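Because the structure is predicted, anything quoted here is derived from the model rather than measured. What you see below is based on every heavy atom in this structure, not just the backbone, and it leaves out hydrogens, waters and symmetry mates.
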Amino acid sequence: MDKLGILTDAAKYDVACTSSGVDRKGDGHSLGNCLAGGICHSFSSDGRCISLLKILFTNECIYDCKYCINRCSNDVPRATFTPEEICTLTMEFYRRNYIEGLFLSSGIVKSPGFTMELIYRAIWLLRNKYHFNGYVHVKAIPGTDPELIQRLGFLVDRMSVNLELPTAEGLRALAPNKHRKNILTPMRQIQTGIHANKEELVVYRHAPKFVGGGQATQMIIGATPETDYQILNVAENLYQKFELKRVFYSAFVRVNEDKNLPALPGGPPLLREHRLYQADWLLRFYGFRASELLDEGRPFFNVLLDPKEDWAVRHLEEFPVEINRASYEMLLRVPGIGVKSAQRIVAARRSAKLSFEDLKKIGVVLKRAIYFITCSGRMMYPTKLEEDYIVRNLTSEKDRIRFGSDGMSYRQMSLFDDGAFQRPVTARERLLSAVGHV
């Protein structure tokens, strides 16, 4: 229990705990199964994913990364599990319904290869001796023998190799024992292995899966001076070149006193981390590119608006979007419209013209979307397509449009209200309307 307390606390800065993405039913002989949505996203206050046994194999480490609590120069309590202890903990926690899987990372004891041998032994025993069939996520250690990573890949559901810091310059400054090439080499090996395994499964349906849940990585944000633009470009390249499932962003927490580490007068940059996750979502699911969201002249995200809102108010020439005619790709770029609601809009408008009330039922967040959309050529109410006006409404509690309990806006209408008008009504138009000529 003493080891468990030390090594769960030491693992709290590893954030790559997510839904498994793997569907594997029980086979009647092994304990447990693995559902695609089986690993929940709940996190405890110290950063651990509640539904996974999230631990380090050891917090002993031969490296001296300046940002890491487990660096060799720190005087902290040390502990190391045995492979059998990892298996016992996992099985006993699973039987008590505490967990649905295992997330195993590690410090480096003696050498990367020696540590990875111990991890492989633990996972092999868990699968073959204890017949555990649940979700297993393991951190691969750069510098390990490729053969060992290959064998481990057939036992786990997901593997990840920590990028640590966004750039090679950052690694040299804060993690002198780690090198970018050593980190990218196992990433490429895992990617190649996944491709080869998919081809094998086409021919042999019952062949074992290699890293069926794909691979991920993690980088620390705020420890080095990279801009959001640089970080987002790194993430985009990783998705394109290594086909990663996820890139995780971990706000830098100053746990060591070191002159090379930045001071954090406002605490960890959690809002920056949040904006990067939002932008990452836009890259993966909404068809955006990093260069559309940021550029060298504007390298940081807006703290007041989320990245999609920020893009929209800077590209008002693209709006308003007609809900009943716009392409699926354009619908995804409207603030307040997500992937599911865009799909529902495309499906529903095949049989009927959609109104604002319909959009509310579909799941569109109208308090953000109304500035950017029309239904049958009309806006929900007269509004100006001006950046300052929209930003003020999106960010200010005082200026924000008020909605009723059903999500719709209520106010006294005037004779000349028309959402299709993008300019003030002229005196001549008022006169013609009054005498019945309009």
Side-chain angles (χ1 to χ4, degrees), residues 14-22 36 39 41 103 137-140 142 149 153 156-171 178 180-199 209-222 224 226-251 272-296 299-301 306-308 310-311 328-329 332-333 338-340 342-343:
D14 250 320
V15 297
C17 276
T18 57
S19 177
S20 65
V22 175
I39 309 302
H41 296 257
F103 175 91
H137 180 168
V138 167
K139 287 291 181 76
I149 289 179
V156 301
D157 297 294
R158 176 169 286 183
M159 292 181 79
S160 52
V161 185
N162 278 1
L163 193 66
E164 303 290 351
L165 295 163
T167 61
E169 292 77 13
L171 275 178
K178 298 178 179 179
R180 192 62 168 264
K181 183 179 179 182
N182 288 352
I183 293 172
L184 297 180
T185 298
M187 276 190 188
R188 182 68 70 195
Q189 180 190 349
I190 295 168
Q191 179 194 22
T192 304
I194 291 171
H195 276 290
N197 183 242
K198 285 180 179 178
E199 293 176 4
K209 288 187 177 181
F210 181 84
V211 193
Q215 66 169 321
T217 193
Q218 175 186 342
M219 62 176 104
I220 298 167
I221 305 304
T224 45
E226 295 88 5
T227 64
D228 293 342
Y229 178 58
Q230 288 175 290
I231 293 167
L232 206 59
N233 271 289
V234 169
E236 187 175 57
N237 284 328
L238 289 171
Y239 285 129
Q240 292 173 353
K241 295 179 180 178
F242 294 91
E243 301 172 275
L244 267 61
K245 288 288 186 182
R246 286 293 303 273
V247 173
F248 292 90
Y249 310 92
S250 178
R272 188 181 183 195
E273 175 192 292
H274 180 58
R275 290 285 181 248
L276 284 165
Y277 272 118
Q278 290 175 319
D280 187 271
W281 211 261
L282 297 181
L283 294 182
R284 291 188 294 130
F285 300 112
Y286 288 76
F288 282 86
R289 300 187 306 277
S291 58
E292 293 181 277
L293 299 172
L294 295 171
D295 54 47
E296 292 181 356
F300 290 96
F301 286 113
D306 71 47
K308 194 202 254 191
D310 191 40
W311 178 86
Y328 172 73
E329 291 74 20
L332 286 177
R333 294 187 169 230
V339 173
K340 287 186 178 179
Q343 291 171 346

- Query: Between the side chain of Glu236 and the main-chain N/O of Ala290, is any donor-acceptor distance below 3.5 Å?
  - Reply: yes

- Task: Return the minimal non-hydrogen interatomic distance between Met219 and Val234, and the atom names on each side.
- Result: CE-CG1, 4.0 Å

- Hey, are the side chains of Glu292 and Trp311 touching, using non-hydrogen atoms and a 4.5 Å cut-off? yes

- Salt-bridge criterion met for Arg272 and Asp228 (N-O under 4.0 Å): yes

- Message: If you apply the rule side-chain contact (heavy atoms from CB on, under 4.5 Å), what do you find for Glu273 with Ile221, and how did you get there?
- Response: CA-CA 7 Å; Glu273 175 192 292; Ile221 305 304; 5.5 Å; no

- Inter-residue atom distance Lys209.NZ - Lys198.NZ, 0.5 Å rounding: 10.0 Å

- Task: Would you confirm whether Gln191, through its side chain, and Gly214, through its main-chain N or O, come within 3.5 Å as a donor-acceptor pair?
- Result: no

- Considering all heavy atoms, the nearest Asp280-Arg246 contact: OD1-NE, 4.5 Å

- Task: For the pair Tyr286 and Arg333, evaluate side-chain contact (heavy atoms from CB on, under 4.5 Å) and give the outcome as yes or no after the intermediate values.
- Result: CA-CA 7 Å; Tyr286 288 76; Arg333 294 187 169 230; over 6 Å; no

- Message: Which heavy atom of Ala140 sits nearest to which heavy atom of Val161, and what is that distance?
- Response: CB-CG2, 3.9 Å

- Task: State, to 0.1 Å, how close Phe288 and Leu293 come at their nearest heavy-atom pair, and which atoms those are.
- Result: CD2-CD2, 3.7 Å

- Query: Say you draw a straight line from CE of Met159 to CD1 of Ile149; how long is it, rounded to the nearest 0.5 Å?
  - Reply: 5.5 Å

- Message: So which atom in Pro307 and which in Gln278 form the shortest heavy-atom distance, rounded to 0.1 Å?
- Response: CD-OE1, 3.3 Å

- Message: Could you tell me if the side chain of Ile183 sits less than 4.5 Å from the side chain of Pro142, heavy atoms only?
- Response: yes

- Is there a donor-acceptor pair closer than 3.5 Å between any side-chain N or O of Gln240 and the backbone N or O of Asn237? no

- Query: With distance as the sole criterion, is a donor-acceptor pair present between the side chains of Glu199 and His195 under 3.5 Å?
  - Reply: no

- Query: With a 3.5 Å cut-off and no angle check, do the side chains of Asp295 and Tyr229 form a donor-acceptor pair?
  - Reply: no

- Query: Are any of the side-chain heavy atoms of Gln215 and Lys245 separated by less than 4.5 Å?
  - Reply: no

- Between Phe242 and Arg188, is there a cation-pi geometry (under 6.0 Å to ring centre, at most 45° from the normal)? yes

- Look only at the side chain of Gln218 and the backbone of Leu163, and say whether a donor-acceptor pair between them is shorter than 3.5 Å. no

- Before giving the answer on side-chain contact (heavy atoms from CB on, under 4.5 Å), spell out for Glu243 and Leu238 the whole-Å C-alpha distance, their side-chain angles and the decisive distance to 0.1 Å. CA-CA 7 Å; Glu243 301 172 275; Leu238 289 171; over 6 Å; no

- Item | Intermediate values then yes/no, side-chain contact (heavy atoms from CB on, under 4.5 Å), Leu232 and Phe301 | CA-CA 11 Å; Leu232 206 59; Phe301 286 113; 3.7 Å; yes

- So do the side chains of Tyr328 and Val339 get within less than 4.5 Å of each other, counting heavy atoms only? yes

- Is a salt bridge present between Glu164 and Arg180, judged by a nitrogen-to-oxygen distance below 4.0 Å? no

- Got a donor-acceptor contact below 3.5 angstrom from the Asn197 side chain to the Phe210 backbone? yes

- Message: Within the 4.5 Å heavy-atom criterion, are Glu169 and Thr224 side-chain neighbours or not?
- Response: no

- Given side chains that start at C-beta, do those of Phe300 and Leu294 come closer than 4.5 Å, heavy atoms only? no

- Query: Nearest 0.5 Å, what's the OG1-CE distance between Thr192 and Met187?
  - Reply: 13.0 Å

- For Thr167 and Glu226, does a side-chain donor sit closer than 3.5 Å to a side-chain acceptor? yes

- Could you tell me whether the side chain of Val138 reaches within less than 4.5 Å of the side chain of Arg158, counting heavy atoms only? no

- Query: Looking just at side-chain N and O atoms, do Lys139 and Asn162 make a donor-acceptor pair shorter than 3.5 Å?
  - Reply: yes

- Item | His137 side, atom NE2; Phe103 side, atom CZ - distance, nearest 0.5 Å | 5.0 Å

- Please check if atom CD in Glu296 has more than 12 non-hydrogen atoms from other residues, nucleotides or ligands closer than 6.0 Å. no

- Message: Would you say that Ser160 contacts Thr217 through its side chain, given a criterion of any heavy-atom pair below 4.5 Å between the two side chains?
- Response: no

- Message: Can you give me the closest heavy-atom contact between Thr227 and Gln230, atom names plus distance?
- Response: N-OE1, 2.9 Å

